[in-house]
Protein chains: 2
Amino acid sequence: MSTIRDVAKLAGVSTATVSHVVNNSRTVRPETRKAVLDAIKRLNYRPSAIARSLTTNVTRTIGVLVANITSPFFAALVRGIENRLEAYGYQLIVCNTDEQASREARYLDLLLARRVDGMIIAPTGEPQPLWRDFVAHNIPLVFIDRKPSEPCGPVIALDNFAAGYAATEHLIRLGHRHIAILVRSPMLSTVVGRRDGYRQAFRDYKLPLDESLIYVSDYALEAAHETAQRLLTTSPWITAIIATNHTMTLGVLEALQEQYIKYPDDVSLVAFDDNPWHLLVTPPLTSIRLPIQELCDAAVTTLRAALEKKSARADARALPDVFVKAQLIARASCRKI
Amino acid sequence: MSTIRDVAKLAGVSTATVSHVVNNSRTVRPETRKAVLDAIKRLNYRPSAIARSLTTNVTRTIGVLVANITSPFFAALVRGIENRLEAYGYQLIVCNTDEQASREARYLDLLLARRVDGMIIAPTGEPQPLWRDFVAHNIPLVFIDRKPSEPCGPVIALDNFAAGYAATEHLIRLGHRHIAILVRSPMLSTVVGRRDGYRQAFRDYKLPLDESLIYVSDYALEAAHETAQRLLTTSPWITAIIATNHTMTLGVLEALQEQYIKYPDDVSLVAFDDNPWHLLVTPPLTSIRLPIQELCDAAVTTLRAALEKKSARADARALPDVFVKAQLIARASCRKI
DNA sequence: CTGTTAGCGCATTCAG
DNA sequence: CTGAATGCGCTAACAG
C-alpha cells in the first residue's frame, strides 16, 4: 500500500504538504494541491488510520458494549447510536458480551489497548475493575440502559420504576389483585427499578403484596420458558402476568400455549419491549414501549459532551444522568376483572 | 498512559526485552522476566494495539458489513461470526449499511484505512469499486448470505433456489395453484434464487405460472405492508402467499389482519426466517429455517483459509463457495385445498 | 506558501 | 540471554 512518502515523491513535494492537503490543515497553492491530489489518485493512496492515530493520539473510535446483540432492543440501540455518531465522524466497535461479565472484561481490555476515544456500555451487572482504568486515562464512559454497579460515568436509562409502576397500575385499575411479575436477576438496575415500581403500585393502592409472585429467571429463552411454566403451575390463582423483557414475553406465551391457558380470559398480560409482532398475536399484547431513539440521542449527546470536557480537562464524570419515560400501549391482552 | 519505555526503565532492561516478555517471543531469564512483569503491573502498562499494528502490519481485526443489524437474521449472523472469530484472537468491526450502497462504500473506505486483516460482507446488491482495492492489497473478502454483483471472493450463502422451490412445492402439493410470492429487489442474489426456485416448481409440476403474482417490495416494514395490501386487493383469488423474509412476513400478517382475512382458511402462508414468535401467532407459521450457525461456521472457516493463503501469497479468490440448505418447518399456516 | 525534522509506541534486526 | 538501533506512516513544530 502506498505511503505518504510515495505521494510526496510523485508530486514533487514534501510529506508535510501532502499531509496538509489531505487534512486541509494549511493553505496550499492551488497548483501544488492539484499535483498532490493527482498523485494521490494515481497511487490510490489512502492514509493509514493506524499511523495517524499513533501520532495524534486520537482514534475517532467509540467502543460499544451490549449485553445481547440478538435482542431487538439492543440491536435497535446499536443502530441508533451508530447513526448518530457517524454524523460526527466516529466509528463504532460493537462488542457483544452475551451477558457474561468475563466477556465484558475481555472486551474492555481489548478496547483499552485499541485506545478508543470513548465508550458506551450496557453493563452485564457485575462491577468491572477496568472501568477505573478508562476513567484514569480520561476516556469517557457512558452507561446505557443499565446503571453500573459502581459509578464510573453518566447513565442514560429508562425510568424503570415508572415503567414497572405503570404496568402494575394498569392491571390494578382493571381490577387485578394477584399479579405475577417475571424478572431477571436483581443485579440489574432495570430489574430493580421495574420490580420496585411494581411493589410501590401495590402500596399506593393499599393492596397486599405477595413477594412470592416475583419470579426470577435467567435471560435465556429456555430459562424464561421454564420459569413461566413454574409460575403457572405454582401460582395458578394469579390473574395477570407482567413480562419484563422480550425473552420473558416469549417464554410466557409459550407456557400459556402449552398449558392451553387463554389470555386475556384466564390471565391478563403486559409485555415490556414493544415489537411489531405484538400486534400480530391473538389478541394483540399490551406493551411497554421503550423510547429507543431518545436513549440513543441522550447517550450520544452525553458522550460528545464528555469528549469535549475531556479536552478541556474537566471531570467527565460530572455529567448528568438522563432518564427517559416509557409508554404503555394498551391493547387487548388485559381484561377487566 | 505508560509506554514500553517506562516499563523498560523501571525494570532496568531494554525495551526489546519488555517486548519479548510481553509477546513470549524469545527466552528471557526468569528473574528478568519477573522484573518486567512487576514493572508492567506497577505501571498498569497495556501495549498499544495501534503502535503494534503499525510495526507488524497486522491488526487482527475483521470488518463485518451487514445490511440491517435490526433484522434477527443478521443480528444472529453477527453474533455467530463474533463467537467463532474471537476464539482465533480476532476482533470485529461491525458496520450496519442499512441496505444503502453509499453507506457500504463509506464503510469499505473506512475499513481499508484501518487496515483490517479481512472482511465478511453481506453486500447491498450494487457493485462496489472498493472491493477491487481490498483484493489488490491482498485483504481477503468473504461474502455472506448474498452473492456480490462482481466476484471478488468466496460466497457463503443459502441454497436459495432450493429454499424457494421447497416453499412452493409444499404449497403445490397441498393443492395450491395460485401462489403469490413477496420478494425484494431482484438485484439481490437471495431474491433471484428464491424466485427462480418458485418458478421452477411450477414448471416441474406442469402448472401455469402467473408472473404477476411475483410482488416486489422495498425492504422497509411500511413498504412490505403496502405491497401486501396491494397483493391482497389486486389478486384476491390467490390461495397462498410466500413471504421471503422477516419483514415481508410482518407486512403480510398486518395486511391480513386489517382486511380480516384468516389464514389458513382464506389463504395459506409460508414465511422465510424462522423466529420464536412464529410459534405464537395463531395458527403458528410454516417457516423456512435458515441454518445460521452453518453459515457462520463456513464463513469463518473460509476467511481463515483466505488469511492463511494470503501469507502464502496464493490467490485467496480461489477458495470455494459454500451453499447450505434451509429447512422447511411445516406448521399450521398452510392448509390442503 | 513549503520543507526539514523529530517523534508517536512498538517489533525486530543485528551485535554482543 | 540481552541491548542498541532502525523504521512502520503519519502529524506537528519550527524554519525558511
Side-chain angles (χ1 to χ4, degrees), chain A residues 1-37 39-40 43-61 89 110 112-117 137-139 311, chain B residues 1-37 39-40 43-61 89 110 112-117 137-139 311:
Chain A
M1 226 172 271
S2 47
T3 74
I4 199 170
R5 240 183 337 240
D6 302 329
V7 176
K9 207 162 291 170
L10 183 59
V13 299
S14 73
T15 62
T17 301
V18 176
S19 172
H20 285 120
V21 167
V22 168
N23 300 307
N24 263 315
S25 40
R26 79 181 177 194
T27 42
V28 175
R29 191 152 45 96
E31 303 96 84
T32 317
R33 144 170 267 112
K34 186 178 177 325
V36 171
L37 292 175
I40 287 177
L43 293 173
N44 196 12
Y45 167 69
R46 195 174 311 273
S48 159
I50 312 271
R52 182 177 284 171
S53 290
L54 189 62
T55 29
T56 60
N57 218 17
V58 165
T59 55
R60 296 210 77 81
T61 302
L110 274 171
L112 203 48
R114 285 175 173 262
R115 307 293 193 260
V116 294
D117 293 343
H137 293 124
N138 253 301
I139 303 173
S311 5
Chain B
M1 225 170 275
S2 47
T3 73
I4 198 171
R5 234 176 345 232
D6 303 328
V7 176
K9 208 162 291 172
L10 183 60
V13 300
S14 73
T15 63
T17 302
V18 177
S19 172
H20 284 121
V21 167
V22 169
N23 300 307
N24 263 314
S25 39
R26 81 181 177 193
T27 42
V28 175
R29 190 153 46 97
E31 303 96 86
T32 317
R33 142 172 268 109
K34 185 177 178 327
V36 170
L37 291 175
I40 287 178
L43 292 174
N44 196 11
Y45 167 70
R46 194 176 311 272
S48 160
I50 312 272
R52 182 178 282 171
S53 289
L54 189 63
T55 23
T56 59
N57 219 17
V58 164
T59 56
R60 295 208 79 79
T61 302
L110 275 171
L112 204 47
R114 285 174 173 261
R115 309 294 194 256
V116 294
D117 292 344
H137 293 124
N138 252 303
I139 303 172
S311 6

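Values below: all heavy atoms of this structure, side chains included; hydrogens, waters and symmetry mates excluded. Here is how names work: the chains are called A, B, and so on, in the same order as the sequence lines, proteins then strands, and each is numbered from 1.
Partner of B:I4 under the side chain to side chain contact (heavy atoms under 4.5 Å, CB included) criterion, out of B:P47, B:S19, B:S14: B:S19 alone.
Applying the side-chain hydrogen bond (donor to acceptor under 3.5 Å, both in side chains) rule to B:T32 yields no partners; only residues at least two apart in sequence or on another chain are considered. Considering only residues two or more places apart in sequence or on other chains, A:I50 meets the side-chain contact (heavy atoms from CB on, under 4.5 Å) condition with A:S48, B:I50, B:S53, B:L54, B:T59, B:R115. Applying the side-chain contact (heavy atoms from CB on, under 4.5 Å) criterion to B:R60, with sequence neighbours excluded, gives B:V58, B:Y90, B:D117. A:K9 is linked by a salt bridge (charged side-chain N to carboxylate O under 4.0 Å, His left out) to nothing, counting only residues two or more places apart in sequence or in another chain. The side-chain contact (heavy atoms from CB on, under 4.5 Å) test applied to B:L110 returns A:Q91, B:R106, B:Y107, not counting sequence neighbours. For B:R5, the side-chain hydrogen bond (donor to acceptor under 3.5 Å, both in side chains) test picks out no residue, with sequence neighbours left out. For the side-chain hydrogen bond (donor to acceptor under 3.5 Å, both in side chains) test, no residue two or more places apart in sequence or in another chain qualifies with A:S25. Taking A:T55 as the reference, nothing meets the side-chain contact (heavy atoms from CB on, under 4.5 Å) condition, with sequence neighbours excluded.
Nucleic acid contact class of B:S19 (heavy atoms, under 4.0 Å, all strands): base. Heavy atoms of B:V28 sit under 4.0 angstrom from primed sugar atoms or phosphate atoms, though from no base atom.
Applying the salt bridge (charged side-chain N to carboxylate O under 4.0 Å, His left out) test to pairs two or more places apart or on separate chains, those with a residue in residues 16-31 of chain A are A:R29-A:E31.
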Using the 3.5 Å cut-off, write out each protein N or O paired with an N or O of nucleotides 3-7 of chain C and the distance between them.
{"from": "C:dG3", "atom 1": "OP2", "to": "A:S14", "atom 2": "N", "distance (Å)": "3.0"}
{"from": "C:dG3", "atom 1": "OP2", "to": "A:S14", "atom 2": "OG", "distance (Å)": "3.3"}
{"from": "C:dG3", "atom 1": "OP2", "to": "A:T17", "atom 2": "OG1", "distance (Å)": "2.7"}
{"from": "C:dG3", "atom 1": "N7", "to": "A:R26", "atom 2": "NH2", "distance (Å)": "3.0"}
{"from": "C:dG3", "atom 1": "O6", "to": "A:R26", "atom 2": "NH1", "distance (Å)": "2.9"}

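In this structure, A:R115 places its CZ atom 7 Å from P of C:dC10, rounding to the nearest Å. One atom, CG of B:N23, and another, C1' of C:dT12, lie 11 Å apart when rounded to the nearest Å. Atom CD1 in B:I4 sits about 8 Å away from atom C1' in C:dA11, given to the nearest Å. At whole-Å resolution of the value, CG in A:L54 and C1' in C:dA11 are 13 Å apart.
Here the closest heavy-atom approach between residue A:A11 and residue A:A35 is recorded as CB-O, 3.8 Å.
With axes fitted over five pairs at each extremity, the angle between the ends of the helix from C:dC1-D:dG16 to C:dG16-D:dC1 is 40° (10° resolution).
Close approach of DNA chain D to chain A, defined as any atom under 4.0 Å from a non-hydrogen atom of the protein, starts and stops at D:dC8 to D:dC14.
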